[in-house]
Chemist: 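The structure is given below, and queries will be raised subsequently.
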Amino acid sequence: MHADDILDRLNDEQKQAVSAPLGNSLVLAGAGTGKTRVLTHRIAWLATHERMPMGSILAVTFTNKAAGEMRTRVAALVGDAGPGRWVGTFHSTALRLLRSHRHEARLGDEFAIIDADDQLRIIRTLSIDMNISVDQVNPRNTRSYINKQKEQGRRHANAVRLNQPYESEYKRIYKAYEARCQKESLVDFGEMLLRCLEMLREHEDLLRLYRRVFGNVLVDEFQDTNAIQYDWLKLIAKDSASFMAVGDDDQSIYGWRGAEVANMNRLLSDFKPVSVHRLEQNYRSSEHILQAANSVISHNNSRLGKNLWTDQGAGQPIVLTRSVNEHSEADAVATFAKDYAMNGGKYEDIAVLYRSHALSRVLERSFNGYAVPYRIYGGLRFFERAEIKDALAYMRLVATPDTDFAFARVVNTPTRGIGSKSIERLREIALERGVSLFRASEAVVVERLLPARTVNSLEKFLRLLANMRKASEGAELSEIADQCIRLSGLVDFHAPDKTETSIGRRENLQELVNACSQFVEDPVGDEEQGTPASALRAFLDHASLGEEAPQMEAGGDAVRLMTVHSAKGLEFPVVQLVGVEDGIFPNSMAINEGGLEEERRLFYVAMTRAMKELRIGHAEVRTRYGQGQSISVPSRFLAEIPEDNTDRMFFEPARMPSAYARSHPSSRPSLAKGGDELDGVRSGAVVRHARFGEGIVLATEGSGDNARVQVEFKRFGSKWLVLGYANLQVLES
DNA sequence: CACCGAAATATTTTT
DNA sequence: TATTTCGGTG
C-alpha cells in the first residue's frame, strides 16, 4: 500500500496523528473516534513512508482481543508481517522477553505462569506453614497486598506502606511468597512485568539491544498503564525513533488494579511529545447518546478535557426504563430483544451490559424463558475452570514433573487416597532434601517412608505420570492433551453423570483437545513451536495468559451479555444497561473519593458503546442473594443525563412473570384488556398497594399463580402486578 | 481417607 | 440463591 493511500479516508485530525513526524507523540482519542484506526494506519505509515522494518515496531495493548484485532488490521494494510511480530499485550511481550532471556531474568528453564487462583493456593499454604491464622489474615487480602506492591514495582524488601491492618503479616508472607515462587520457578501476572523491568535494568547490554530493536513503540489504552508498565515503556521507548501513546483519560477504568491516569500527565513531562493530537469526531454514536455521555462525564473534575461531536444526526433519545424488580427488568429486556428480532433486527446487534457478573443470572433465566438466544462473555473463563486447570496441570507435569504447584494440584485429583496429611508429609520430605515433590515422591516410594497404603497410591500416581510421558513422546499437542485427560480419569471424576454441569465439563475437556489442535494449526502466540515439546510449552503459556478459547467467537445470532469492563473497546447498534442503581452502579464498594469518578468513567464507557439505541434500566426492588429484598434508588448518574436526550422516563415494561414465560417458552404475552374478573378484582376497581398507594385497575390477565392486573397508580403511573404477590386491598369494586 | 449433608459465605471490575 | 468449606460418619 502506498503512503498516500494510508491517509485516504481519514479525517484531518487522524491524518495528522498518522503522519506525525518521528519522535514522541500523544493521541487523545475519545470513544469511537477511530483510535484503533489511527494506530494501525500509523504502523502502516511507519512501515511504508518512514521505511521502518516491521520487526522494529512494537505495539502493545492490554487485552488479547485488542492485540488480535490490531494484528489482523495491520495485516490488511501492509500484508502479514509473519507470526505476530511484536504486536501483543504487555504481558505477552514481557513473557516473550523473559522466555528469551530466562538466564538473565534469573528464571528456571521451564518457569510456569500462575494465575490468581494458584496464587491464592500458595499463599494459603504459606500462611499455614508460618502459623499465621488464615481466619484473621485473609489470603485474599494478602494476595491483593502482594499484587499491589508488584504493580508499583515493589519487592518485599522495599514494600511501600499501605496502612492496612495485618500489614506486617502481609509483608512476611510476601517475602515467603517471593522465595517460594523463585524456588519453584513460578511467575505471576505482576511478576512478568516486574521481572522484565528488573532484567532490563540490570542488564545494560539487553537494554541496549532492545532499545535498538524497538525503534518504534506504540501503546494502546495508555490511560490504563500502571507504574511498572509506565517505567517499562520509559526504559525502552524514551529515546526511540518514534513513540506514540494513544489514550483517553475519560475511559480509565482500571484504577483498582493499579492503573494510574496520572501517567497521561507524566508522559507530557517525561516524554515531551513533539505533537499532541486530539480526536474528537465520534463516528459511532448518534447525537442524543453522545450529548448525554458528554454531560455525564463533565461531572468529573480531574480531566484533560475534550468534547466529542458527531455529524450523524440526533438519532433516538435514550430510553430510561424502570421496573418493579429485577425479574421484571430481565423480562423487559428479553421481550425487547424478541421484539427487536421479530421486527427484522439481529440478536447480535444487542449487547446487555451490567456492572457485575452477578446481574447476569436473572437475565439468563428470562432469556431462557422467552427463548431468546444469548451468549455470556467473561465470567468463569475457559482456562480457569477447575477441570481444565487440572488437565493443564497434568500437561504441565508431562513437560516438567518438578513443577510443584501442578503436582500438588493433581496428586489427589481424581482422588486416589493421597489426602492432606500425606501431602503435608511429602512437603516436609521435599523441604528436608531440597527436592521437588515429584522427586520426594520417588524417594518415598523407594525408601517406603510413609504408610504402605500411601506408598502404594503414590507409586500408582508416579506410574500414571510415567505412562503419560511415554504416551506423549513425540506426539502431537492435541494427542498429549487427549492422553492426559484419558489416562488421568479426569472425565469420570469431573463429569460422572448426565447432569447439565457434567455434560458441560465433558465438553470443556473435549474442547481443550480441540483448542490444542487449533493452536498448532494457527498459532496465536509469537514464539515458534518447532518441536512438540516447545508446542506444549507455548500452549501452556498461551493458556496461562488467559486467552479465550476459540469457540467463544463462533456460534449463531445471539444477544451478548457482558460486564461494562469487558465491553470496553467494543461497539453495538443497541446497548441495554441493566441494574443502574445506586450501590450497584456506582458500586457501593467504590463510592469514595477517587472511586466515584472511576465509576462515572465506567458509566461513560458503557454509554458510548451504543451506536443507535441506548436503553438504561433500573429496578425499584432488587433481591440480594435470594432473600432480603432491598429498595433500590436509581443511579445518581441518571440525574446527570439531560432530560432532552431521554425518552419515556418510568417506562413500565413488566408484561409477564418469568414463571409463565418459562412454562410457555414460545408464546408471546397477549395483553388482554377487558372486564374479566380475577379473585374479586376487576378492571375499574379502586385498590390500595402498600408501596404505591391508591390506584385504578385497568386490565387483568392470566389466572391462578399467573394472575396479573394492570393498575394505574396516582403517584407512580401504571404498573403490572402479580396478584398473589402484590397483596392489593380492594377499596371499591 | 472419602463421602455426605450442613453451615457459612459471597458479589466489583481482569491481564 | 449458588457455591464453597466444614464436620461428622463410615
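Any value given below was found using the heavy atoms of this structure, including those in side chains, with hydrogens, waters and symmetry copies removed. Lettering follows sequence order; numbering is per chain, from 1.
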Chemist: Please check if any side-chain donor atom of A:Gln251 sits under 3.5 Å from a side-chain acceptor atom of A:Asp224, or the reverse.
Modeler: no

Chemist: Can you give me the dot-bracket string for DNA chain B, 5' to 3', counting Watson-Crick and G-U wobble pairs with both distances under 3.5 Å, using [ ] for crossing pairs and | for partners on another strand?
Modeler: ||||||||||.....

Chemist: Is there a salt bridge (charged side-chain N to carboxylate O under 4.0 Å, His left out) between A:Glu598 and A:Arg601 once you walk through the steps?
Modeler: CA-CA 5 Å; A:Glu598 180 152 317; A:Arg601 291 193 292 265; 3.4 Å; yes

Chemist: Would you tabulate the pairs of protein nitrogen or oxygen atoms and nucleotide nitrogen or oxygen atoms of nucleotides 8-10 of chain C closer than 3.5 angstrom?
Modeler:
none

Chemist: Would you check if there is a donor-acceptor pair between the side chains of A:Glu151 and A:Gln149 at a distance under 3.5 Å?
Modeler: no

Chemist: Go nucleotide by nucleotide along DNA chain B from the 5' end; which of A:Thr454 and A:Gln229 gets its closest nucleotide reached first?
Modeler: A:Thr454

Chemist: Under 4.0 angstrom, heavy atoms only, what part of the nucleic acid is A:Ile418 near: base, sugar-phosphate, or nothing?
Modeler: sugar-phosphate

Chemist: Taking the nucleotide of DNA chain B with the nearest heavy atom to each, does A:Lys421 or A:Ser588 sit closer to the 5' end?
Modeler: A:Lys421

Chemist: Going 5' to 3' along DNA chain B, which are the first and last nucleotides with any atom under 4.0 Å from a heavy atom of chain A?
Modeler: B:dC1 to B:dT15

Chemist: For the CZ atom on A:Arg303, are there more than 12 heavy atoms of other groups (residues, nucleotides or ligands in this structure) within a distance under 6.0 Å?
Modeler: yes

Chemist: Using the ring of A:Phe111 (Phe, Tyr or Trp, six-membered ring only), decide whether A:Arg99 places NZ or CZ under 6.0 Å from its centre and within 45 degrees of its axis.
Modeler: yes

Chemist: How would you label the contact of A:Arg601 with the nucleic acid (heavy atoms, under 4.0 Å): base, sugar-phosphate, or nothing?
Modeler: nothing

Chemist: Over all strands shown, is A:Asn412 touching base, sugar-phosphate only, or nothing at heavy-atom distances under 4.0 angstrom?
Modeler: sugar-phosphate

Chemist: Could you check whether A:Arg257 makes a cation-pi contact with A:Tyr254, meaning its NZ or CZ is under 6.0 Å from the centre of the six-membered ring and within 45° of the ring axis?
Modeler: yes

Chemist: Within this structure, what is the CZ-to-C1' distance between A:Arg385 and C:dT3, rounded to whole angstrom?
Modeler: 15 Å

Chemist: Does A:Ser422 reach a base, just sugar-phosphate, or nothing at all? Heavy atoms under 4.0 Å.
Modeler: sugar-phosphate

Chemist: Can you establish whether the number of heavy atoms outside A:Arg155 located under 6.0 Å from its atom CZ is more than 12?
Modeler: yes

Chemist: I'd like the C1' distance from C:dC6 over to B:dT11, given in whole Å.
Modeler: 22 Å

Chemist: Would you mind telling me which of A:Lys568, A:Lys35, A:Lys65 makes a salt bridge (charged side-chain N to carboxylate O under 4.0 Å, His left out) with A:Asp220?
Modeler: A:Lys35

Chemist: Just so I know, are the side chains of A:Leu577 and A:Phe603 near enough to count as touching, which here means a heavy-atom distance under 4.5 Å?
Modeler: yes

Chemist: Is there a side-chain contact between A:Ile429 and A:Leu449 in this structure, where contact means two heavy atoms from C-beta onward sitting under 4.5 Å apart?
Modeler: yes

Chemist: Is the shortest side-chain N to carboxylate O distance from A:Glu424 to A:Arg427 below 4.0 Å?
Modeler: no

